[in-house]
Structures are given as structure tokens and as C-alpha cells.
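Input: a single structure, listed below in C-alpha cells.
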Amino acid sequence: MSKHYNNEETTPEEINLEDAVAPETMAEEAEAEADECVDEELHRIEALQQQLADAKAAVEKEKKEYLFLMADFDNFRKRVVKEKAEILRNGAEKVLAGLLPIVDDFERGLQATAGTENAEGVREGMELIYNKLVKYLSDNGVKAIESTGNDFDADLHEAIATLPAPAPELKGKVVDTVQKGYMINDKVLRHAKVAVGE
């Protein structure tokens, strides 16, 4: 190590030769330190480049997986929409196909009663066809809403008129059903049109 000399002038006799460092040695030490710093920086740069490459690879992998999932979901959505439309179409076909035998019965009844004057026979035929239709509706989950005499329920009934109640206990109750209402699987298919007592 060399002594620190201030700016005062020093005479050659005052300088100790042991403390003096050869300029070549100082240059070698500086070069070794510089090489060590450069090696550390290069090592740090390589590590950062490796981290960047790993991050890019991870992002690319995630991007591919995301695109695959989006395409899969889009295909699923299209398939569900197509299946739903097909179910609705086929469901309507099934219901309508079930009504065709009843239409056939009506046509046969009309042909059979064309030249008859027996009103009782026509009525019996219509009742048979009506019962067949009601049974078909019942088999498909459709049932009539019982209204007359029951409490008015806005979820089931549509009040189209109010009438003076014939008895005090009929106030707020349905006194007449103008048009039947129907339920399908516990859901209102058509509200009953009723007159309510007041």
C-alpha cells in the first residue's frame, strides 16, 4: 500500500521505496478488477436473458392453451345452441304428431254427422274426442286450473270483471270463469280469465 500524500511538495529523501508501487503492478490490478466486473456483468446479463427466455416460453404456452380453450368453448357453445334448436323443433313435432289422431277423429265425426239429425249422437262423438284431447294434454303435463269458487290468485288468474258477490263468503273469490287457464308442469301456460266477487 502506498501512503497518501497531500499536495505539499515532498523531497525524494522523504519517499520510502518500500511504499512505492510499480506502475505495472497497478495496471495489472486495475485490469484484473475490470475483468472481474465485466465477468460479473456478463453473468448477470446471461441470467436475465435466461429468465426472459423462460418467461417468453411460459407466456407462449399459456397463450396456446388460452386459444385452445377459447376454440373449445366456442365449439361447445355452437353445439349447445344447435342441440337446443333441435330439441325445440323435435319437441314441437312430437306434440303436433300427438294431435293428429284427434284431428282424424274430428274429421271422421264431421263426415259421419253430415247427413244426420241426431244431435245426441253428435254430442256423444264430440265428448269422446274432447276426452281424448284432455287425456293427451294430461299425458303431456298440461292440466286445467280450477278457478270458480277459489280465492283470486294473480299468479293464476286474470281478472276481466268484478261482480257483486252473491254471498259474503264469495268476496275476493272467483265467481265465474270466462276462459279456462292451464298449467304445464307447475308453470302457467295460460292464465284463467275470471270474474271476481266484490
Give, for atom [atom1] of [X] and atom [atom2] of [Y], the distance between the pair rounded to the nearest 0.5 Å.
X: Leu156; Y: Arg190; atom1: CG; atom2: CZ; value: 13.5 Å
X: Leu99; Y: Phe106; atom1: CG; atom2: CZ; value: 10.5 Å
X: Asn118; Y: Arg123; atom1: CG; atom2: CZ; value: 12.5 Å
X: Glu41; Y: Leu48; atom1: CD; atom2: CG; value: 9.5 Å
X: Phe73; Y: Phe68; atom1: CZ; atom2: CZ; value: 14.5 Å
X: Ile102; Y: Leu133; atom1: CD1; atom2: CG; value: 4.5 Å

Residues at least two apart in sequence or cross-chain that pass side chain to side chain contact (heavy atoms under 4.5 Å, CB included) with Glu146, listed by chain then number, are Asn150
Without placing hydrogens or testing angles, list every side-chain donor-acceptor pair under 3.5 Å for residues 135-144, not counting sequence neighbours.
residue : atom : partner : partner atom : Å
Lys135  : NZ   : Asp139  : OD2          : 3.1
Tyr136  : OH   : Val95   : O            : 2.7
Asn140  : ND2  : Tyr136  : O            : 2.9

For a quick test of reading the model, state the closest non-hydrogen atom pair linking Asp155 to Val188 and the distance between them. O-CG2, 3.4 Å
Closest approach of Pro101 to Gly98 (non-hydrogen atoms, all atoms of both residues): CD-O, 3.3 Å
Residue pairs meeting side chain to side chain donor-acceptor pair (under 3.5 Å), one or both in residues 54-73, sequence neighbours left out, come to Gln50-Asp54
What I'd like to find out is whether the side chain of Val194 reaches to under 4.5 Å of the side chain of Glu158, using heavy atoms alone. no
Arg77: what forms a salt bridge (charged side-chain N to carboxylate O under 4.0 Å, His left out) with it, not counting sequence neighbours? Asp74
Residues two or more places apart in sequence or in another chain: which of them pass ring-ring contact (aromatic ring centres under 6.0 Å, His included) with His157? Phe152
List the atom pairs, donor and acceptor, that lie under 3.5 Å between side-chain atoms in residues 166-185 and the rest of the protein, sequence neighbours left out.
residue : atom : partner : partner atom : Å
Lys173  : NZ   : Asp151  : OD1          : 2.9
Thr177  : OG1  : Thr148  : OG1          : 2.7

Could you walk me through whether Leu128 and Glu124 pass the side-chain contact (heavy atoms from CB on, under 4.5 Å) test, one step at a time? CA-CA 6 Å; Leu128 287 172; Glu124 285 177 20; 5.6 Å; no
Does one hydrophobic cluster hold both Leu163 and Ile160, with members joined at side-chain heavy-atom distances below 4.5 Å? no
